[in-house]
Structures are given as C-alpha cells and as structure tokens.
*Asks:* 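Quick one: the structure is below, and I'll ask about it shortly.
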Amino acid sequence: MVSEGAAERGKRTLRAELALKTPTPDLDPRERQRRVLEQALVFAGASVVAVYSPTESGDELYLSESAGVPRTLYGLRDSYVLTGGSPAVDAYRSGRPLWLGPAEIARCADARRLPSQDFWLAVLPLPDGGCLVAAGERPGGFDEEDRECLGLIAEAAVVPVPGSPRATAARPTSSFDLAMDTGHLEVDGEMLELFGLDAAEFDGKVESLLSMTVPEDLPTLMSVVEADHMSIGDRELEFRILQPSGEPKWLRLRGRLVPGGEGRPAHLVGTVADASKLRSGVSDVARVQRLASTLAIAGTVRDVGRAVVAALRVPLRADRIALAELEGDRLVVTLLDPPEPDAWPEVWRSEWRSEWPDAPVRAMPTLEAALIEGRPAVWPAGAPLEPALADVGPGGLAILPLPAGGRMAGACLIGWDDPHEFGTDERALLTASAGLAGQALTRARAFDAEHELVGMLQRSLLPRRLPRIPGAVAVARYLPTTAGLEVGGDWYDVIPLPDNHVALVIGDVQGHNAQAATLMGQMRTALRAYAIEGHPPDVVVQHANRLLMDLETDLFVTCCYVDVDLEEGTAWCVRAGHHPPVLRHPDGTTEVTVSEGGPPLGVVTQADFPMIPLRLQRGTVLALTTDGLVESAEVDIEDGLNRLAGELTASDPAHLGVVADGLLTGANRSDDVALLLMRYDGLATRPLRESWTVWRVPEAVRHARRFTRRTLRAWGVPDDSMDGALLVVSELVTNALVHTDGQVRLDITLINHRLRISVADTSPRTPVKPTSIGWEATGGRGILLVEAMSATWGTVPVSGGKQVWSEIPLDGGGYGGG
C-alpha cells in the first residue's frame, strides 16, 4: 500500500512534469528557459537555480540563466574556468550529477567566501552541454522526489551551444552587439525601428541611442552598457525613450556580457523589445526585480503596501489586496485596495479604527494556521472559509505570510470575486513576493518608529507656533529629510521685540545627528536671549558666535538674522555664512538681496557681521530659507535662489500659507528644509514716540515730569488724564536715579489710547515689590504706586541694563497716534 507521503511526492512529480510539458509557443528560447528554471523553485524546494553553458572557445562555463534569490548568497559565480576546480566544472566534465551537503561544501575551494555553508547543492549535467546548479536550505537536502524533479528540469533546460546551427536559427530579432572597448554598436533594422531611426541616420555609436533615453532612466541603463559596472552574466531591465512626438515609450533590454578571452574585448549582446507588446506573464522576472527595486527604497509601511499592490493586483487580476502587520494577536491592516470599507467583510468593518481596521487573528483560524505554517496558501472558489475570509475572496483567496528574520512580520491577503485558477507561475510570483515584502515590512516598521521619534524630537526643538505680529503675517514650514533617520540642524524663529520690532531668524547647523540637533537648540535659545536683551542685530550675532566658539564644538552654524521695524517698514539684515533673503515687492517683482555677509558662526572668534538695510513696502514678502530648498547635487545655489524668486513672483501673497506649501513642492528631500515667510502689511495706526535723557541733577524728576506734560499736551491728551501718568514717571525716574548709576532714559509711546511709559537704566537688577510696608517705613511705596496706577507693568533686560515699563489706558478721543 502506498503511503500518503509517497502519494503526495508522486503528485508533485506529475505536476512538475505537466508544468514542463505545457506548450509556450509565444516565448523566445531564453524566456522559456527562465520559466523552466522557476519550476525548480516550486517543485524541488530550491532557493536558487542556475544554468551554466560553455563559451564558444570552450575554456569556461558562463552563467546563462538563473531564478530565485540572489545566487551570491550561495557562492554561485558568473563563470567558472574549466581548468579550475568547482562542483559545476566537475559535473560538466564527468557527466554525472553531484549531490553535496554542508560537509562536502565546506571542503570546496570557495567555501571560505560563503556567508553560510548550511545548505545543500545539486549539480546536474545538461544533455547538450553545460550544467544545472540548484541550492536549497530544506532540512535533509534534496530528497528522492526533489532529485527526480531536478532531473526533469535539467532535460527541459537545454541551451543551444553558441555557434551551433540551432543557436543561429534561434537568434532573436531586435538584437544588438556592443563592443565594450570602443563603444561601437551593431544593431538590426527592427531595433532601429523601435527607436524610430533610419539606418542612414544611425552612426553606430551607443551614445546616439542613449541620448534618446528619459533622463531618470539613464543611470540604470548606463550601469548595463558600461563595462566597469556590469558583471559577466545576464541583465534585464525596462527603460523609456522619448519618441519624436514627445511621448515616452517603454522598452525592455535583455543582455549578457560575454568575455572576450585572451586579447579580445568583451561584448554586450542581447535584445531590445517593445515592453508594451510583451506578454504580461505573472512570473516575469522583471516584475519581481521591479518589486525588489521599489521595496529597497520604500521608507514607510505605507510605501511597502503600495509597492506590493502595484506589483500584484494587475498581473494577478485580483479584486482586492490587504497588507497587514502582525502585532501580537492582532492583524493591523496598513493598506487596503480598494480602500472603501464596504468592499471588505463585516467583521473588518466592525473593528474599524479611524482610517484602517484592526482585524483579530483569532477571528480567522484559517489565516492563523497559514501564519503558523509560514508558507503561501491558496483556496479556490467555494472553499469552506470563515466569513471574515470568505468575503475577501469568494472566487479564490491567497494568503501570503510575510517572513522576516525567523518570524512572521505580517500577511498579504489577495482575493478574487470570480472563480480563479491558480497556476504554477502565480505560485512562484507569490512566493518570491512574500519574502521580499516581509523583509521590507520589517525595515519599514523600524523606520516608521524611528522616524516618528526623530520627528517628535525635531518638533520639540522648533517653535510650536508663531507669535502674532502687529502689522505683519508670518508662516513657517519645516520638512525633515527622507534620506535617513538622523535629526537635522535646520531651525527658524520669530522673536517679538519692544517698540514694534520683530526678529526673524533662520539657520542651519552642519551635519545630521544628535549633536547637530542639540547645538541647534542651544543656538536658537542663545539668539533669542541676546535679541530680547535689546542688542542690535550685529551684536546679537557676534554674541552667538562667541558662545559657539566657547562651546568648543567641531560643528559650525550658518544663520540669517533680520530685525524688522514694523512701524517704519525698515529692516536690518545680518548674515553669517547663510544665503541672503529674497524679497517679493508689491508689484510682483522679486529681488535676491545683494549684501555682504560674515563667516559662519563658530569659525572665527573675532568676526565682523555687517548690517545691511532693507526697505519694506506694504505688501512686501520677505522669504528666508535653508539650503535644502535652493541647493542640491543637481542645482547650485544661485539657480535655486532664482527659481525661488520666480515662484514667489507667480504666487499670491494674500494667502501666505498656500505660498509656503507651493514653494516646498520641489524641495530636495535628501536634506532638511526650513522656510520662513513674512508679509509686511504696516501698522494700521502708527504710535507716537518721544524720548528724554534724564540728567542727574537735583531737579531731574521735575524736568522729567515737565517733559512728559509737554509731550502729552502736544499729542492732545487733556490735563485731567495726565495725573496718573505723571505719578508713574516720578516714581520710575526716582527709582532709577536712586538705585542705579549711569545714564537714565525716559521713553513715552502713545497708540490707540494706551500710554506706555518706560525708564531704562544700566543696572540689570529688577525692582522688587515689597510684600508689606509699615507706617514707619520711609521707602518702598514707589513700585506699589506704579502697580496701582497701571493696567500692566513689568521689566525687560536691555543692553546690559533693564527697562521698567508701565501701560496706562487713557479715556477720550482725538489722540493716540495716526
């Protein structure tokens, strides 16, 4: 009686034999050979399989075709010299198959170069020359059934010997032959027709055809046609050319670098075909390669999901695909296609969370079993499945566990509405895609977590919101780089200053790491502190430079600091190694301001930072940005600034947020980008200001009161509204003269019926309000009187001293600035 396992093995052999006999009349010989090799992955448990053919000179074996994971993982070379020793050469010479286990592999000459020796190797000679090599990691190696399947595949994978009549007859059309030493290219008429050229127009230079390639595809194509970049073996890729009409056209290139031998140049030979007319086979190696290339640069889990959907849904003609991460006992779905909730089972909708659902694995035992087994599984139409899965694929369901690092990273569910037949080609595609997607999903999950942490840290170092600016509107944008997970050093700040001034700051710390981020926070805090102290712009930047030098860091900082007087519409700009501001004037013209700048901060201890005046009209937009927006490897900074100026010209400054978003559209995401825009509108009411330097004479307080009375009368303030203001002036001036040395200055400002009185002195000590005063006390009541007469009062540091201020509302009209 035949055992169940033997029966299953017999079924596997029969299926392999049937798959190999399936006619494929529409395939060229090389495509047919690739399809044959893929059967070894499905029926023989191989991880990679390759065919080696003898060269025309007969002195070596070269790689003719391969399928599966990268062959370098198992030490398979691109070619083997027949005078050397290797399993491929031994099987080719002896004409007998070799079955090697880890112990035999460890004794091979190439064993020391292998990443791992824990695999099994099968080498079978081909009937017409060459050999077939298969590697696998299944415990116990290739069993009897596997060996029988490999024997069938070796018989079907015969390759014509180069130069033989069969090979000549099978030569495909649209072929080319490129001499790698001279670049001379021989092509046939059909290939010229694909490129839209006449034979008389073609000069035989490969550069002539490369010039028609779409620029984005040129680097990949150059990696094939340059001898320094291409290894011996086969290459396949798709690229686009621009037709005379301007429309792109997809072509597929298949080529092999053939070694020239002693004293002869190597040649790249192959074919080019119209990719849009090729059969869309789901097992096409190019499709898997394209998926691998896309997943290699997929930065987030959503990117991985979109790549998998793009690679599988169309060739499989699937109706729905779900990609999910496995987190504990829950299936956290990260991408659904289609995304509408009604397209998915009821249990999924009942578990809906925000945009994507969380579906419990325990509600789907079939899925749970597939994840435990760890191999792709398919169910035809009508298969008895739980409702959560039956409605995903009533016409057929495929579940792809996504393995990564010895565990399951998630699962991909593919469903059909109409009855669907699962072919061996589809199974091969699903198996290859599952491994690629699992590894990519694990990387993306780690990237998402780290990127969120980096983003949170970055946001904590930048202003949470911009302050309201009287007479102006400011918006800021920050984009972290997508090229890595390091924290950037770009920052911006908007600092309100007294007397309707505002400081706009933008800067960039050298490097992308934790040290750069820490230094960015220190410099932003330092510049803000120096600005609030009341220093002029050049002194603010000089103090920051000296601080950075004292920190003894190896990093330098560039910044641009602009102090804007919102009353007068003037500004002073200081640059420290940073590019200049860009102004958009009210008439739409733009200007990249030409100004002298100082060196970056942290380079020279005693550095000069010149102040350059800027004139702002009502409606002028001031733009500050870091180099990520205006500079890249392809664009120099002058062209980038001119592009920014052109985009500002075409923008509508009435909607400053929209303008900022538009400017970031073409940003270089390989670097951080900070952008700060301010539109100057002017104050609706201009304040009235007067200042008085208080003389240190016995009657100084009386002089200050008299100056205040005359000023308020000139502004139209009635005498009965002055008493409180005169009392505050007396107390503040007296306090400054008694408790400080040096110059004392009185400033009076009136705007919108609100009087601001401020007295500045050279002492940094803040006046202290007494907690209690007895009847016998001779002082200490001044600050209490100021507090009683003021709507609000306070003190701010200015230029090594302080300023004590008080605001008093005045009743009545006819005054208050204009």
Side-chain angles (χ1 to χ4, degrees), residues 455-456 458-483 488-496 502-509 520 524 527-528 558-564 566 571 573 575 578-593 614 616-632 635 637 639-682:
M456 181 176 64
Q458 188 73 59
R459 288 190 296 271
S460 68
L461 295 173
L462 294 172
R464 295 185 61 183
R465 61 179 63 88
L466 298 185
R468 296 177 61 87
I469 306 174
V473 177
V475 299
R477 297 290 186 269
Y478 175 81
L479 289 180
T481 177
T482 58
D490 293 19
W491 93 92
Y492 60 85
D493 207 352
V494 176
I495 309 170
V502 65
L504 308 177
V505 190
I506 200 159
D508 186 3
V509 180
M520 179 262 280
R524 177 180 168 239
L527 284 164
R528 173 173 279 267
T558 68
C559 79
C560 182
Y561 182 101
V562 181
D563 186 324
V564 181
L566 298 168
C573 173
R575 295 193 299 118
H578 207 84
H579 47 76
V582 178
L583 295 179
R584 184 195 188 277
H585 299 293
D587 60 359
T589 60
T590 53
E591 172 190 0
V592 179
T593 58
L614 303 176
L616 308 179
Q617 306 175 39
R618 292 178 182 266
T620 298
V621 175
L622 175 68
L624 301 175
T625 183
T626 54
D627 53 9
L629 185 61
V630 294
E631 187 177 21
S632 67
V635 180
I637 194 166
D639 293 339
L641 287 172
N642 291 332
R643 180 189 62 81
L644 175 63
E647 293 178 356
L648 279 173
T649 297
S651 65
D652 180 7
H655 306 284
L656 211 56
V658 176
V659 174
D661 294 336
L663 294 177
L664 293 180
T665 302
N668 171 28
R669 299 310 305 278
S670 63
D671 193 6
D672 295 345
V673 177
L675 174 66
L676 180 59
L677 301 179
M678 189 201 77
R679 185 186 69 236
Y680 173 69
D681 297 329

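Model, not experiment: these values are computed from the prediction.
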*Asks:* Mind checking what makes salt bridge (Lys or Arg N to Asp or Glu O under 4.0 Å) contact with D661, not counting sequence neighbours?
*Replies:* R477
*Asks:* I need the I506 CD1 to D490 CG distance, nearest 0.5 Å.
*Replies:*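 Reported value, rounded in 0.5 Å steps: 7.5 Å.
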*Asks:* For R584, what residues pass the side-chain hydrogen bond (donor to acceptor under 3.5 Å, both in side chains) criterion, not counting sequence neighbours?
*Replies:* none
*Asks:* Could you tell me which non-hydrogen atom of G507 sits nearest to which non-hydrogen atom of T626, and how far apart they are?
*Replies:* O-CG2, 3.6 Å
*Asks:* Taking side-chain contact (heavy atoms from CB on, under 4.5 Å) as the definition, give me every residue that meets it alongside D493, ordered by chain and number, with sequence neighbours left out.
*Replies:* P463, I495, V505, R524, R528
*Asks:* Among all residues two or more places apart in sequence or in another chain, which pass the side-chain contact (heavy atoms from CB on, under 4.5 Å) test with P496?
*Replies:*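 P496: side-chain contact (heavy atoms from CB on, under 4.5 Å) contacts with P467.
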*Asks:* I need the L663 CG to L677 CG distance, nearest 0.5 Å.
*Replies:*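 One finds 6.0 Å between CG of L663 and CG of L677.
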*Asks:* How close do Q617 and P586 get, counting heavy atoms only, and between which atoms?
*Replies:* CB-CG, 4.0 Å
*Asks:* Looking only at non-hydrogen atoms, find the nearest pair between P581 and R575 and report the distance.
*Replies:* CD-CD, 4.4 Å
*Asks:* Just list the side-chain donor-acceptor pairs under 3.5 Å for residues 648-657, sequence neighbours left out, or say none.
*Replies:*
unit_1 : atom_1 : unit_2 : atom_2 : d
T649   : OG1    : G588   : O      : 3.3
T649   : OG1    : T590   : OG1    : 3.2
T649   : OG1    : A645   : O      : 3.0
S651   : OG     : L648   : O      : 2.6
D652   : OD1    : A654   : N      : 3.1

*Asks:* Taking only residues two or more places apart in sequence, or in another chain, which ones meet D563 in a side-chain hydrogen bond (donor to acceptor under 3.5 Å, both in side chains)?
*Replies:* H501
*Asks:* Of the non-hydrogen atoms in W491 and L527, which two are nearest, and what is the gap between them?
*Replies:* CZ2-CD1, 3.6 Å
*Asks:* State the CG-NE2 distance between L583 and H585, to the nearest 0.5 angstrom.
*Replies:*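 Spacing of CG (L583) from NE2 (H585) equals 5.5 Å.
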